[in-house]
Protein chains: 2
Amino acid sequence: MTNQQNVYEPLTVETLSTRLGDIGSITDRLGPDTDSWSSEEVGDGNLNLVFIVKSPAGAVIVKQALPYVRLVGDSWPLPLNRAFFEYHTLMRQAARDPGSVPEIFYFDDDQALIVMEFLTPHVILRKMLIAGEKVSGLAETLGNFCARTAFRGSDLSMVTAKKKADTATYQGNSELMAITETLIFTDPYFEADRNHHTEGLDPFVHVLRNDVVMKVAVQEMLLKFTANAETLLHGDLHSGSIMCTENETKVIDPEFGFYGPMGFDVGMLISNYFMAYFSQPGHRGADELAGYQEWILGLITDTYSAFEAEFTRLWKTERTGILFPHSMFEDQGHSADNALDGMLGHILCDAIGICGIEMHRRLLSLAHNADFEEIDDVAIRARLEARNLMMGRELILQRGEINNIGALCALARKYNEETFL
Amino acid sequence: MTNQQNVYEPLTVETLSTRLGDIGSITDRLGPDTDSWSSEEVGDGNLNLVFIVKSPAGAVIVKQALPYVRLVGDSWPLPLNRAFFEYHTLMRQAARDPGSVPEIFYFDDDQALIVMEFLTPHVILRKMLIAGEKVSGLAETLGNFCARTAFRGSDLSMVTAKKKADTATYQGNSELMAITETLIFTDPYFEADRNHHTEGLDPFVHVLRNDVVMKVAVQEMLLKFTANAETLLHGDLHSGSIMCTENETKVIDPEFGFYGPMGFDVGMLISNYFMAYFSQPGHRGADELAGYQEWILGLITDTYSAFEAEFTRLWKTERTGILFPHSMFEDQGHSADNALDGMLGHILCDAIGICGIEMHRRLLSLAHNADFEEIDDVAIRARLEARNLMMGRELILQRGEINNIGALCALARKYNEETFL
């Protein structure tokens with residue numbers, strides 16, 4: 001049995017039903033007869049234990065943090081309180097964009113354990129993108145998700161004292177923020193011990209590490225990451241944090257939740273779409289390739305359009321926070337559309353910067369993407385990765401100049417034709 | 001007697017010696033014979049009780065927060081925890097720039113009470129600037145203070161987990177931040193109840209309130225104020241928060257301490273110097289006027305030069321935080337001077353924006369400056385204030401274009417010649 005006094009102990013498939021068997025919110029779903037429960041450990045992420053627990057009555061997901069980075073082992077300790085931040089971020093996301101995340105049934109802070117809805121037949125979006133599958137409504141769902149969470153978690157909307165109190169709480173997620181600060185914003189740009197990259201990429205890594213102007217820009221983005229507490233972000237919104245069916249999309253795994261720049265989530269999401277785009281020649285033949293790549297670019301365009309449309313709608317209907325108050329604009333007969341344009345420009349600039357940096361770290365730092373990793377032919381992989389690295393560089397350098405999502409996609413088409421290797 | 005269990009109660013000159021008479025760190029300075037103590041309440045600020053307590057053995061300052069805004073009365077409640085933030089900010093300032101603030105002898109959180117060094121014969125700097133007096137070393141002391149506190153409280157220097165924990169603590173100062181958010185960034189730009197301004201300024205107020213581009217810029221600065229937790233700031237660094245002799249300068253009253261943009265304190269300080277500058281024709285005759293005004297502009301130039309020089313020195317010798325790490329620059333044979341230039345540009349831009357906004361709020365919002373208020377001739381005052389308002393507008397609009405402190409002072413000279421009224 002789990003209770004608030006219990007010392008943390010990782011679950012196993014053998015102990016799970018005994019330890020969770022008398023929690024009402026779980027037995028409500030699985031029934032009280034724990035002998036009929038069956039558990040399977042399915043965690044394939046980098047950090048946690050994940051169990052599917054089934055019974056004749058239903059199924060739930062049990063996610064438990066481990067006190068170290070699963071990908072690396074117990075040589076890299078990691079605090080259990082990330083479950084606290086995942087739980088609280090899920091609750092806020094559910095409130096700000098209802099239906100966007102799995103339903104939560106139970107949370108145990110001491111055990112770093114969350115019991116939630118088993119999403120079925122959902123599949124990790126990254127796998128679908130590698131397989132060349134499409135999801136209807138994907139762009140709109142995630143564009144809305146990014147807009148609603150960004151807007152409703154900011155001083156555009158919240159009572160500022162509450163926003164500040166929540167900002168204070170999330171400063172406690174400093175060890176997961178430190179992972180992002182290190183693996184994303186720093187490691188790719190020097191010889192960090194944990195780095196690895198595909199054979200053949202050395203000349204491109206050399207270009208990046210010798211581009212001082214770009215490295216300065218990366219660190220200016222790090223300053224924003226670590227200090228610009230504009231809103232509560234998911235913090236790790238890549239295609240492995242999204243589960244889909246053909247026509248439903250859910251966002252999972254926000255343990256990296258933090259207060260940061262409003263463009264962070266949407267920028268990281270688009271970045272992972274670009275990596276799906278550039279990696280496609282490693283996954284399918286010429287007959288399907290162009291069509292699917294264009295579908296991905298359409299997905300990027302539509303996602304960002306949905307983001308801007310929803311952000312605009314919220315700006316016009318829910319702008320009740322301290323920022324850009326009606327007293328200074330509408331109440332004096334002045335439109336605040338100018339300000340909205342400025343805000344959207346600021347968000348796009350940050351999003352493009354993050355996008356470029358994420359395109360680097362996923363090929364050079366510790367945690368790589370299956371999009372590229374599953375391409376067995378190293379020469380092909382390196383050729384595609386080189387495009388991705390060089391486009392990332394241009395995005396970081398030009399983040400203030402690229403002022404619409406169409407220009408971003410045009411740039412991707414250009415890099416997709418380059419033969420660097 | 002005061003102890004941690006005591007319910008808050010404001011001190012009076014009658015109760016002070018009884019209540020503080022057995023606190024060792026105070027009797028160390030005043031002696032144990034409380035009959036020989038004499039107290040005088042001298043608070044002339046907007047918020048607090050301030051006593052000078054003297055004995056034959058010595059003297060101390062006792063500062064106690066009131067549960068409301070003293071300037072307004074008990075209709076505007078204000079939390080006592082601002083004493084906590086003042087105390088903690090003083091301690092951090094003392095560590096980051098030793099000797100810059102009064103020595104602290106005693107702090108009582110429950111009584112919202114700080115006992116500190118009695119600065120004598122120090123005078124509030126604003127009074128000296130109105131009287132046409134000079135302070136040697138002023139520019140260097142405050143330039144260094146702003147640079148050292150900005151740098152050493154940021155992720156350029158601190159262990160980021162400690163910086164995040166401290167950021168979390170300071171989110172609790174939300175009610176004093178709300179005063180700044182309201183009185184500085186919002187009220188001047190609409191008909192707020194608490195506003196008042198000098199007769200004759202209506203046309204200029206009209207210009208400001210109808211300049212939508214400028215109002216957007218003000219709110220973009222508010223976004224930075226409320227969300228860019230770059231470093232721990234004093235939060236209220238005007239010439240009334242500075243005490244000087246002819247050759248010594250101390251900073252007091254940091255109860256508005258908050259994590260915000262690195263340019264905030266130095267921008268507010270310069271703003272108050274500009275107000276001293278523009279108000280001078282109301283205080284002295286032609287024989288002294290030009291000379292003293294140029295002394296103030298020299299003070300501004302020298303303060304900012306000292307700020308940049310000290311920030312640069314710290315950048316080169318103490319850059320041990322996560323931002324712009326040596327691993328990405330010097331260790332690869334690359335200079336980080338480019339990055340320093342970018343950072344100083346970013347700080348100057350924010351400082352100029354804050355400077356312009358402060359120049360507005362001190363004439364239009366609740367709390368005005370004696371620099372202008374003590375000019376009895378309303379026509380003269382309005383003429384000088386108009387210059388100040390219009391220059392403030394240009395600073396807000398041009399904050400990204402003015403790239404050195406000399407250009408800023410040249411602009412002040414230009415506005416000082418304008419005859420708007």
Side-chain angles (χ1 to χ4, degrees), chain A residues 154-156 160-175 177-178 181-182 185-187 189-192 209-210 212-213 215-220 222-224 226-231 259 261 322-325 327-329 331-336 338-339 341-343 346, chain B residues 154-156 160-175 177-178 181-182 185-187 189-192 209-210 212-213 215-220 222-224 226-231 259 261 322-325 327-329 331-336 338-339 341-343 346:
Chain A
S154 79
D155 278 309
L156 290 165
T160 194
K162 286 191 181 173
K163 189 256 183 187
K164 289 181 172 75
D166 210 45
T167 301
T169 299
Y170 275 86
Q171 297 299 309
N173 205 12
S174 63
E175 296 198 51
M177 287 184 76
E181 289 154 357
T182 305
F185 288 95
T186 313
D187 282 2
Y189 307 105
F190 80 105
E191 294 255 3
R209 295 205 184 136
N210 282 283
V212 179
V213 174
K215 290 194 292 186
V216 170
V218 168
Q219 289 295 300
E220 289 170 348
L222 174 56
L223 172 59
K224 291 193 171 197
T226 196
N228 284 24
E230 293 177 353
T231 196
Y259 272 84
I322 59 168
L323 295 176
F324 304 95
S327 61
M328 273 178 61
F329 295 95
D331 296 353
Q332 296 181 45
H334 297 149
S335 163
N338 242 343
D341 291 345
M343 185 66 75
H346 155 78
Chain B
S154 79
D155 278 308
L156 290 165
T160 194
K162 286 191 180 172
K163 189 256 184 185
K164 288 181 172 78
D166 210 45
T167 301
T169 300
Y170 275 86
Q171 298 298 310
N173 205 11
S174 62
E175 295 197 52
M177 286 184 76
E181 289 155 357
T182 304
F185 289 95
T186 312
D187 282 2
Y189 307 105
F190 81 104
E191 293 255 4
R209 295 206 182 135
N210 283 281
V212 179
V213 174
K215 290 194 293 186
V216 171
V218 168
Q219 288 295 301
E220 288 170 347
L222 174 56
L223 171 60
K224 291 193 172 200
T226 197
N228 284 25
E230 293 176 353
T231 195
Y259 272 84
I322 59 169
L323 294 176
F324 303 95
S327 62
M328 272 178 62
F329 296 95
D331 295 353
Q332 296 180 45
H334 298 149
S335 163
N338 243 342
D341 290 346
M343 185 66 76
H346 154 78

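Every chain is numbered from 1, with letters handed out A, B, ... down the list of sequences. All of these numbers come straight from a predicted model, not from anything done at the bench.
- Between the CG atom in A/L223 and the CD atom in B/E230 there is a gap of 5.0 Å [rounded to 0.5 Å].
- The residue among B/N338, B/T186, B/T182, B/T169 with the most heavy atom pairs within less than 4.5 Å of chain A is B/T186.
- For A/K215 (side chain) and B/F329 (main-chain N/O), no donor-acceptor pair under 3.5 Å exists by modelled atom type.
- Listed here is the closest heavy atom pair of B/F324 and A/V216: CE2-O, 3.8 Å.
- Top candidate by heavy-atom pairs under 4.5 Å with chain B, chosen from A/A161, A/A229, A/G342, A/A165, is A/A229.
- By the side-chain hydrogen bond (donor to acceptor under 3.5 Å, both in side chains) test, B/D155 pairs with A/T226, B/T160, B/K163, sequence neighbours left out.
- The shortest heavy-atom contact between A/K164 and B/Q171 is O-CB, 3.3 Å.
- With hydrogens and angles disregarded, a donor-acceptor distance shorter than 3.5 Å links the side chain of A/Q332 to the backbone of B/Y189.
- Contact annotation for A/N210: both backbone and side-chain heavy atoms come within less than 4.5 Å of a heavy atom of chain B.
- Only the backbone of A/S335 has a heavy atom closer than 4.5 Å to any heavy atom of chain B.
- Shortest non-hydrogen contact noted between A/Q219 and B/I322 is OE1-O, 3.6 Å.
- Options A/E175, A/M343, A/M177 differ in how many heavy-atom pairs under 4.5 Å they form with chain B, and the most are formed by A/M177.
- B/H334 approaches A/R209 most closely through the heavy-atom pair CE1-O, 3.0 Å.
- Residue contact with chain B, scored on non-hydrogen atoms closer than 4.5 Å, involves the side chain of A/E181 exclusively.
- Taking B/Y170 as the reference, B/F85, B/Y259 meet the ring-ring contact (aromatic ring centres under 6.0 Å, His included) condition, with sequence neighbours excluded.
- Chain A forms more heavy-atom pairs under 4.5 Å with one residue of B/N173, B/N228, B/L222 than with any other, namely B/N228.
- Both the backbone and the side chain of A/E220 come within less than 4.5 Å of a heavy atom of chain B.
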